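All values reported here derive from a predicted model rather than from experimental measurement. A, B, ... follow the sequence lines: proteins, then strands. Residue 1 opens every chain.
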Number of protein chains: 2
Amino acid sequence: MLLMLAALASPRRREILRLIWRQPRSAGEIHRAMPDVTFGAVSLQLGVLADAGLVESRAEGRSRIYRVCNKRALGPLRQWLERMWDDQLWNLKLAAELEEARRGPKPQPIKKRK
Amino acid sequence: MLLMLAALASPRRREILRLIWRQPRSAGEIHRAMPDVTFGAVSLQLGVLADAGLVESRAEGRSRIYRVCNKRALGPLRQWLERMWDDQLWNLKLAAELEEARRGPKPQPIKKRK
DNA sequence: GTAACATGTTAGTTTAAACTAAAATGTCAT
DNA sequence: ATGACATTTTAGTTTAAACTAACATGTTAC
């Protein structure tokens, strides 16, 4: 429970949580909706959310789908978060991000051979 | 509201909040119940809690008394915090701390002249 | 098997929070 | 006024979170 609170304190993690609140998404989709950070960063934060018991994942093909779990356990905070995310401005921003995500991948840092 | 969440994410600030949950206390009392940090640190954290709208203070003599405000606004989290703090172990620990506080002041860092 | 994709993990860096030590401010009593 | 007490603030340090870049793992299709 304490972990949960700490996990929700980070704006980045709340952003991730919002993206998968209604509909589960792959790590890649989530990342493409947040072009300002690397994929690695997103993956780490997904790990934090998982440790807090807020999200769980299942493998699907080569992707891994993340979804919110424990919405119930969030209890009090759930309404608070949903109310915030139902705000019109939030939704406009979300739509733009998902459109961006659908369009295609972003260049990740170049890879060198070992 | 976002500030509130961030403020509650810190164990130290939750500890302070717990100390003044039922009964307002001076900054000094709070500090003496937390001998492992300097008074300055406590004062700064009280500032954070105040910025988050979780505590307010009034001057009384040369002391300043802090109390929790907005217990209502905490809404959902309120029950959660109270339940945690009503736990027996927590209360034993709290009693010891307050006894310690009543007994007397701790040596603060030595002061040099400017 | 290899190649391309999707995600995960590691090591090192950057950024921000929390803290200490000291000085500054403010209050009460004399 | 001075001196003792109570708190706040500042500057600098320590500690921890978040991030990047690279490498590693795992899956699918060939």
| Are B:Gln45 and C:dA17 close enough that a side-chain N or O sits under 4.0 Å from OP1 or OP2? | no
| said: From CZ of B:Phe39 over to P of C:dA23, roughly how many Å is that when rounded to an integer? | reply: 18 Å
| said: Would the distance check show the side chain of A:Glu29 and the main-chain N or O of A:Ser26 forming a donor-acceptor pair, the cut-off being under 3.5 Å? | reply: yes
| said: I want to confirm an ordering. Mapping A:Leu44 and B:Ser43 to their closest nucleotides on DNA chain D, which one lands closer to the 5' end? | reply: B:Ser43
| task | Show your reasoning for whether salt bridge (charged side-chain N to carboxylate O under 4.0 Å, His left out) applies to A:Glu60 and A:Arg64. | result | CA-CA 6 Å; A:Glu60 185 179 290; A:Arg64 180 160 284 270; over 6 Å; no
| task | Round to the nearest Å and state the distance from A:Arg12 atom CZ to D:dA17 atom P. | result | 17 Å
| task | Would you mind reading off the distance between B:Arg32 atom CZ and D:dA6 atom P, rounded to a whole angstrom? | result | 7 Å
| Spacing of A:Glu29 atom CD relative to C:dT7 atom C1', expressed in whole Å | 14 Å
| field | Any B:Arg64 side-chain N or O less than 4.0 Å from OP1/OP2 of C:dG26 | value | no
| Comparing A:Ser10 and A:Glu60 on DNA chain D - which has the more 5′ nearest nucleotide | A:Ser10
| For the student: nearest non-hydrogen atoms of B:Arg14 and B:Ala9, plus distance | NH1-O, 3.4 Å
| field | Which residue lies more 5' along DNA chain C, comparing A:Arg62 with B:Asp36 via nearest heavy atoms | value | A:Arg62
| query | Rounded to the Å, how far apart are B:Met34 CE and C:dA18 P? | reply | 12 Å
| request: Decide whether A:Arg13 and A:Gln45 meet the rule of one side-chain donor and one side-chain acceptor closer than 3.5 Å. | output: yes
| Is B:Gly47 touching bases, backbone alone, or none of the nucleic acid, heavy atoms closer than 4.0 Å? | nothing
| message | If you compare every side-chain N and O of B:Tyr66 against the phosphate oxygens of D:dT8 (OP1, OP2), does one of them come in below 4.0 Å? | response | yes
| request: In whole angstrom, give the distance that lies between atom CG of A:Leu3 and atom C1' of D:dA16. | output: 15 Å
| said: Against B:Val55, only a single residue in B:Asn70, B:Ile16, B:Ile20, B:Val48 fulfils side chain to side chain contact (heavy atoms under 4.5 Å, CB included); can you say which? | reply: B:Ile20
| field | Sugar-phosphate only, base, or nothing, as touched by B:Ala41 at under 4.0 Å among non-hydrogen atoms | value | base
| task | Give a yes/no answer on whether the side chain of B:Ser26 brings an N or O atom under 4.0 Å of OP1 or OP2 in D:dA6. | result | no
| field | Value in whole Å for how far the P atom of D:dT20 lies from NE2 of A:His31 | value | 8 Å
| Distance in angstrom units between A:Leu46 CG and C:dA6 P, rounded | 16 Å
